[in-house]
Amino acid sequence: MAMPAADPTPGPVVLTGAGVRAPALGRWGQLVLGVLCMSMIANMQYGWTLFVNPINDKFQWGKPAIQVAFTIFVLTETWLVPIEGWFVDRYGPKVVTLFGGALCALGWTMNAYADSLPMLYAAAAVGGIGAGAVYGTCVGNALKWFPDRRGLAAGLTAAGFGAGSALTVVPIAAMIRDSGYEHTFLVFGIGQGIIVMLASLLLMAPDAGYKDRMLAGRPTANVVTRRQYAPSEMVRTPVFWLMYLMFVLMAAGGLMATASLAPIAKDFHVDGVPVSILGLTLPALTFALTIDRVLNGVTRPFFGWVSDRIGRENTMVLAFAIEGFGILALGLFAHSPFAFVLLTGLVFFAWGEIYSLFPSTCADTYGDKQATANAGLLYTAKGTASLLLPAFLAIQTQTGSWQMVFYVASGMAFLAAFLALFVLKPMRAKFVAASH
């Protein structure tokens, strides 16, 4: 019997499914490391809303001005990922993740001492670059290690980012209350950054022939290309820009909810109202933040797993339609503390899956050789979507209500669902068939 080809990665190897050689840590071990790193940077986005009111209370800069920092964070977190992905695809995930973890720690340390808006914005940029380096690396690595289960792997990795802050919502809120937001930024920033840097030392990518060996003889429910596209080739195809538009449409509403959940709860006068569910009683905002983080994480591997079985576009239709109904219902019933908690959970559950569905669809369509850079380019759509956040806030300021904001965000989700089924699905099938 022929021996498997030697694995070029250093260190001992073990046999996995189908006789594939992998580092002793295994592909599931690599996935766990990615999830850990993602969970450590999650608070940089999902914990931000807890700091907005305390910062405004101290400096009175105004919430719109403070939220510019969130937009800067998302822009730098996303728009630089293609560059970071280029380094990952050529030099491996270890160095890029180590660099990202250091910048994440530095960003929140700067937040702790920021006494002006320019310094707050600079901290957001530093933290965003770091978070993007970690995020893009971990998702790209998962796509490479799991060519047979891309939706599930990307979903589990992204779940770390979606749900990673769930366990720290209460501690962060308590520390802000007891020790001030500055101390909270410092403690959590340094702690999270150090953990990412340590985990990065064990990250590695699979060898060049790994994908072909894993996919040999395995059926798939998804249309998968046999060509390997470079980022420069990908951006010249209409399919990419259609996916980019759909990503923007879906990301915008979720980012609005992420950045403004605390102000929304306050404006609807439900933030401090106790809510009891299954014997647990918490203030509505704290309850919503905790449930939202959990569901925002669960949805990513769940819908990723579903998409591995029924197809990416079919799953998009289902999830995007739920998001549209959820946002619409939130606008109608957010004045009820109980409904506020449940409906925000539904909104985040139907939103978070974009971070598993779009990367896996991208790798299916353009190959995995440069999957990190390609998925990174598509991920910049999240940064583009963040530019709509000031527009949402302007609508709220002009109308004095969140209703129109909810209507617009809901319509964008329904449009994305329509495009997934009636435009993306046939267009992508035709493109992949032509590329064989």
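The first residue of the sequence shown is numbered 1, and numbering continues consecutively from there. The figures that follow rest on heavy atoms only: side chains count, while hydrogens, waters and symmetry mates do not.
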Report yes or no: does [X] contribute a side-chain atom to a donor-acceptor pair with the main-chain N or O of [Y] at less than 3.5 Å?
X    : Y    : value
N374 : Y229 : yes
Q45  : A42  : no
T315 : G311 : yes
E353 : M316 : no
Q30  : L202 : yes
W108 : G127 : no
E77  : G128 : no
S360 : L357 : yes
T184 : I176 : yes
T78  : G383 : yes

Under 30°, 30 to 60°, or over 60°: which ring-plane class applies to [X] and [Y], parallel, tilted or perpendicular?
X    : Y    : result
F358 : F247 : parallel
F51  : F185 : parallel
Y355 : W351 : perpendicular

Query raised in the report: I129 pairs by side chain to side chain contact (heavy atoms under 4.5 Å, CB included) with which of V81, I83, L106, T76?
Result: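 When V81, I83, L106, T76 are each tested with I129, the side chain to side chain contact (heavy atoms under 4.5 Å, CB included) holds only for T76.
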Query raised in the report: Could you give all pairs that pass the side-chain hydrogen bond (donor to acceptor under 3.5 Å, both in side chains) test and reach residues 322-341, with sequence neighbours left out?
Result: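 Those involving residues 322-341 do not exist here.
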Query raised in the report: Pairs in or reaching into residues 394-413: which pass side-chain hydrogen bond (donor to acceptor under 3.5 Å, both in side chains), with residues at least two apart or in two chains?
Result: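 Of all non-adjacent pairs touching residues 394-413, those that pass side-chain hydrogen bond (donor to acceptor under 3.5 Å, both in side chains) are D267-W402.
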**Report entry** Reported CG-to-OG1 distance for the pair L33 and T97, which is rounded to 0.5 angstrom
**Finding:**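 So the CG of L33 and the OG1 of T97 are separated by 9.5 Å.
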Query raised in the report: Quick one: CG on N141 to CZ on R27, what's the gap to the nearest 0.5 Å?
Result: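 The distance works out to 12.5 Å.
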With side chains defined as the heavy atoms from C-beta onward, is the minimum distance between [X] and [Y] less than 4.5 Å?
X    : Y    : answer
P82  : T380 : yes
D178 : H183 : no
T49  : F70  : no
T372 : F87  : no
L249 : L419 : yes
S179 : V187 : no

Can you confirm whether [X] is buried at [atom1], in the sense that more than 12 heavy atoms of other residues, nucleotides or ligands lie under 6.0 Å from that atom?
X    : atom1 : answer
Y181 : OH    : yes
F268 : CZ    : yes
F325 : CZ    : no
M119 : CE    : yes

Query raised in the report: Have S356 and R300 got a donor and an acceptor in their side chains that come within less than 3.5 Å?
Result: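 Judged by distance alone, the side chains do not pair up.
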**Report entry** Distance-only side-chain donor-acceptor flag, Q370 / W86, under 3.5 Å
**Finding:**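 Not at all, the side chains of Q370 and W86 share no donor-acceptor pair under 3.5 Å.
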Donor-acceptor list for residues 191-201 side chains, cut-off 3.5 Å, not counting sequence neighbours:
unit_1	atom_1	unit_2	atom_2	d
Q192	OE1	N43	ND2	2.8
Q192	NE2	M40	O	3.3
Q192	NE2	F188	O	3.3
S200	OG	M197	O	2.6

Any idea which heavy atoms bring [X] and [Y] closest together, and the distance?
X    : Y    : value
Q228 : D368 : OE1-N, 3.0 Å
V270 : A334 : CG1-O, 3.7 Å
A124 : A69  : CB-O, 3.2 Å
P301 : L156 : CB-CD2, 3.5 Å
G130 : C104 : C-SG, 3.5 Å

Requested in this report: Starting from the C-alpha separation in whole Å, work towards a yes-or-no answer on side chain to side chain contact (heavy atoms under 4.5 Å, CB included) for T258 and F348.
Outcome: CA-CA 9 Å; T258 298; F348 277 88; 3.4 Å; yes
Could you give the side-chain donor-acceptor pairs of residues 53-61 under 3.5 Å, partners two or more places apart or in another chain?
unit_1	atom_1	unit_2	atom_2	d
N53	OD1	K63	NZ	3.2
N56	OD1	W61	N	3.4
N56	OD1	G62	N	2.8
K58	NZ	E182	OE2	2.6
Q60	NE2	N56	O	3.0
Q60	NE2	D57	O	3.2

Requested in this report: Please lay out, stage by stage, how R150 and D308 fare under the test salt bridge (Lys or Arg N to Asp or Glu O under 4.0 Å).
Outcome: CA-CA 7 Å; R150 282 194 179 120; D308 287 336; over 6 Å; no
Query raised in the report: Salt bridge check: are K144 and D207 linked by an N-O gap of less than 4.0 Å?
Result: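 So K144 does not pair with D207 through a salt bridge.
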Report task. Answer with yes or no after comparing the ring centroid distance for Y46 and F161 against a 6.0 Å cut-off, counting only values under it. Result ->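 So the answer is yes for these two rings.
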Query raised in the report: Quick check, are the ring centers of F146 and W28 under 6.0 angstrom apart?
Result: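 Here the rings of W28 and F146 have centres that are less than 6.0 Å from each other.
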**Report entry** Candidate pair T237 and Y366, rule side chain to side chain contact (heavy atoms under 4.5 Å, CB included), full reasoning
**Finding:** CA-CA 10 Å; T237 65; Y366 299 105; 2.6 Å; yes
Identify each donor-acceptor pair in which a side-chain atom of residues 273-292 lies under 3.5 Å from a protein atom, sequence neighbours left out, and give them as a table.
unit_1	atom_1	unit_2	atom_2	d
S276	OG	T281	OG1	2.5
T290	OG1	T286	O	2.9
D292	OD1	T344	OG1	3.2
D292	OD1	G345	N	3.0
D292	OD2	T344	OG1	3.4

Query raised in the report: Passes side chain to side chain contact (heavy atoms under 4.5 Å, CB included), F303 versus T299? Steps please.
Result: CA-CA 6 Å; F303 279 113; T299 185; 2.9 Å; yes
Requested in this report: Any ring-ring contact (aromatic ring centres under 6.0 Å, His included) involving residues 379-398? Give me the pairs, sequence neighbours left out, ordered by first then second residue.
Outcome: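 Applying ring-ring contact (aromatic ring centres under 6.0 Å, His included) to every pair that reaches into residues 379-398, excluding sequence neighbours, yields Y135-Y379.
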**Report entry** Audit row: F240, T365, side chain to side chain contact (heavy atoms under 4.5 Å, CB included) steps and yes/no
**Finding:** CA-CA 9 Å; F240 170 78; T365 310; over 6 Å; no
